[in-house]
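Heads up: the structure comes next, in structure tokens.
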Amino acid sequence: MTDAHDTWTAPVAEGPLDADIRVPGSKSITNRAYVLAALASAPTRVRTPLDSRDARLMLGAIYALGAHSQGSIGGYLVHPLGPGRVHPDETVRVELGNAGTVARFTPALAALGTGPALFDGDEAIRRRPIGPLLKALRDLGARIDDDRRDAPPFTVHGEGGLRGGRVDLDASASSQFLSALLLAGPSFQQGVTVRLVGGQVPSEPHIAMTVEMLRRFGATVDREGAEFHVAPTRLSCPEYVVEPDLSTAAPFVAAAIATGGTVRVAGWPQRTTQPGDWLRSLAPVLGATAELDAAGLTVTGSGTIPGVELDLHDVGELTPVIAALLCFAEGPSVISGVAHLRGHETDRLTALATELSSLGADVRETEDGLRITPAPLHGGKFRTYDDHRLVMAAAVLGLKVEGVEVENPGTVGKTFPGFAEAWTSMLVA
């Protein structure tokens with residue numbers, strides 16, 4: 001990662017693009033696959049995974065908890081969690097960085113093991129919500145010390161297994177709370193039955209992703225309305241192939257729309273649970289075309305972008321890129337349904353309103369989103385708040401605005417190491 005004081009001047013597109021791009025593996029799928037592999041009864045070969053900070057943090061976390069992995073052709077061979085530690089009284093440290101999937105998915109693994117595990121990471125992770133998940137794990141039999149902070153640092157005391165059973169969960173702040181319990185559920189003595197309470201859970205596609213991957217590993221998952229049940233079972237999946245990250249493809253799709261050009265994204269799956277697949281539906285709404293074939297997705301912009309009203313509740317992670325793109329629209333736009341973005345890597349709504357407005361756009365926060373009124377734009381510094389999606393948003397803005405100086409571009413290594421190089425190559429293709 002680069003120093004926080006480094007900047008990258010986002011390159012301007014000289015005209016309509018005509019480019020072929022390939023994005024790395026899905027972070028969401030990669031880290032779920034590593035967790036399921038750690039819980040499996042035999043080694044799993046995870047192919048074409050994402051190699052990024054978050055993915056390495058997940059590999060480091062499951063290693064600390066007893067699941068070894070080794071590099072293999074095109075991926076990693078992940079071994080299941082071991083039977084126990086040689087020195088079970090020694091506290092191991094699980095490094096979280098600012099990775100939400102690591103912070104939410106691995107505490108249950110620690111509860112299944114033996115001995116104490118301390119979870120902590122970057123200062124930013126201490127501000128991200130996790131309290132409802134810790135409460136649910138306690139209700140299922142886990143012993144967790146967090147000094148009543150409901151946030152890292154906290155210590156999970158593994159006692160060789162977890163009872164499991166029925167639990168109520170408020171996952172309105174993050175669907176990862178639900179995914180965390182479902183992923184570990186097959187390894188609980190009684191399995192797990194989760195009843196959702198509280199507000200609506202965001203990012204339904206990520207829940208579908210978790211359920212589908214559990215079934216690929218041999219789990220039995222049932223859903224009836226707001227209640228999920230995962231039966232206790234032995235997981236197994238000798239090989240799992242990770243799809244390209246469609247959310248990471250968002251800025252490249254936006255580039256085609258913004259410039260009125262064509263971008264082809266290689267390897268776009270014919271069927272997927274990834275939220276980023278919604279971009280295919282978005283393109284026609286923004287005056288573009290999107291054609292999917294065996295080679296991938298081809299997006300062609302028309303050169304004009306209408307103002308729109310979009311509810312992004314299920315695809316909130318696309319908000320930064322879409323907000324930047326809508327600064328080029330012909331009329332005002334409204335993004336709604338994404339209040340939960342205030343608890344991501346940063347408060348994304350405040351950050352977007354602040355940074356886009358600082359470069360001339362009229363972007364205002366609403367209770368659950370943004371109101372964007374296009375206005376003349378100019379260059380300047382775009383702060384990214386250690387948030388990879390804000391780097392991508394700044395890159396989109398820089399396509400048509402000269403002199404966008406992107407702060408700490410290296411933070412995009414969370415999901416796409418080499419993003420700046422790939423972005424620049426697209427513009428000179």
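As the structure is a prediction and not an experimental result, all values here were calculated from the model. Quick note: residue numbers are just sequence positions, from 1.
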Under the side-chain hydrogen bond (donor to acceptor under 3.5 Å, both in side chains) rule, what do Asn408 and Asp386 come out as? Steps first, then yes or no, please.
CA-CA 7 Å; Asn408 189 18; Asp386 295 320; 3.1 Å; yes
Other residues, nucleotides, ligands: >12 heavy atoms within 6.0 Å of Arg371 CZ
no
Please determine, by modelled atom types, if Asn31 and Asp54 share a side-chain donor-acceptor pair under 3.5 angstrom.
no
Quick one: ring-ring contact (aromatic ring centres under 6.0 Å, His included) partners of Phe154, sequence neighbours excluded?
Phe119
Go through the side-chain N and O atoms of Arg32 and Tyr34 and say whether any donor and acceptor fall under 3.5 Å apart.
no
Quick one: do Arg138 and Asp146 make a salt bridge, cutoff under 4.0 Å?
yes
Can you tell me how far apart CG (Asp347) and CZ (Arg127) are? Round to the nearest 0.5 Å.
10.5 Å
Take Thr44 and Glu239 through the side chain to side chain contact (heavy atoms under 4.5 Å, CB included) test and state the conclusion after the steps.
CA-CA 5 Å; Thr44 303; Glu239 180 174 283; over 6 Å; no
Determine whether a donor-acceptor pair (N or O, by modelled atom type, separation under 3.5 Å) exists between the side chain of Gln189 and the backbone of Gly165.
no
NZ/NE/NH1/NH2 to OD/OE distance under 4.0 Å, Glu355 and Arg348:
no
Within the 6.0 Å centroid threshold, strictly below: His388 and Phe416:
no
Counting neighbours of CD on Gln270 that are heavy atoms of other residues, nucleotides or ligands and sit closer than 6.0 Å, is the number greater than 12?
yes
Charged N to carboxylate O under 4.0 angstrom, Arg126 versus Asp120?
yes
Taking 4.0 angstrom as the limit, do Asp18 and Arg264 come out as a salt bridge?
yes
Rounded distance [0.5 Å steps], CD in Gln70 versus CG in Leu59:
12.0 Å
Any luck finding a side-chain donor-acceptor pair between Thr272 and Glu243 under 3.5 Å?
yes
Check: residues 289-298 side-chain donor-acceptor pairs under 3.5 Å, at least two apart:
unit_1 : atom_1 : unit_2 : atom_2 : d
Asp293 : OD1    : Ala295 : N      : 2.9
Asp293 : OD1    : Gly296 : N      : 3.1

Non-hydrogen atoms of Asp368 and Gly337 that approach each other most closely:
OD2-N, 2.9 Å
Pairing donors with acceptors under 3.5 angstrom, does anything connect the side chains of His206 and Ser28?
yes
Indicate whether the side chain of Thr350 and that of Glu365 have a donor and an acceptor atom separated by less than 3.5 Å.
yes
Please report the shortest heavy-atom distance between Val23 and Pro244, naming the atom on each side.
CG2-CB, 3.8 Å
Side chain to side chain contact (heavy atoms under 4.5 Å, CB included) assessment of Leu196 paired with Leu178:
CA-CA 8 Å; Leu196 295 174; Leu178 174 60; 4.2 Å; yes
Counting heavy atoms not belonging to Arg195, are there more than 12 under 6.0 Å from its CZ?
no
Distance-only donor-acceptor pairs under 3.5 Å for side chains of residues 220-228, two or more places apart:
unit_1 : atom_1 : unit_2 : atom_2 : d
Arg223 : NE     : Gly225 : O      : 3.1
Arg223 : NH1    : Glu204 : OE2    : 2.6
Glu227 : OE1    : Arg166 : NH2    : 2.9

Cationic N near anionic O, under 4.0 Å, Asp245 to Lys27
no
Does atom CZ of Arg163 have more than 12 heavy-atom neighbours, drawn from other residues, nucleotides or ligands, at distances under 6.0 Å?
yes
Show the numbers, then the answer: is there a side-chain hydrogen bond (donor to acceptor under 3.5 Å, both in side chains) between Glu405 and Thr9?
CA-CA 5 Å; Glu405 299 292 331; Thr9 303; 2.8 Å; yes
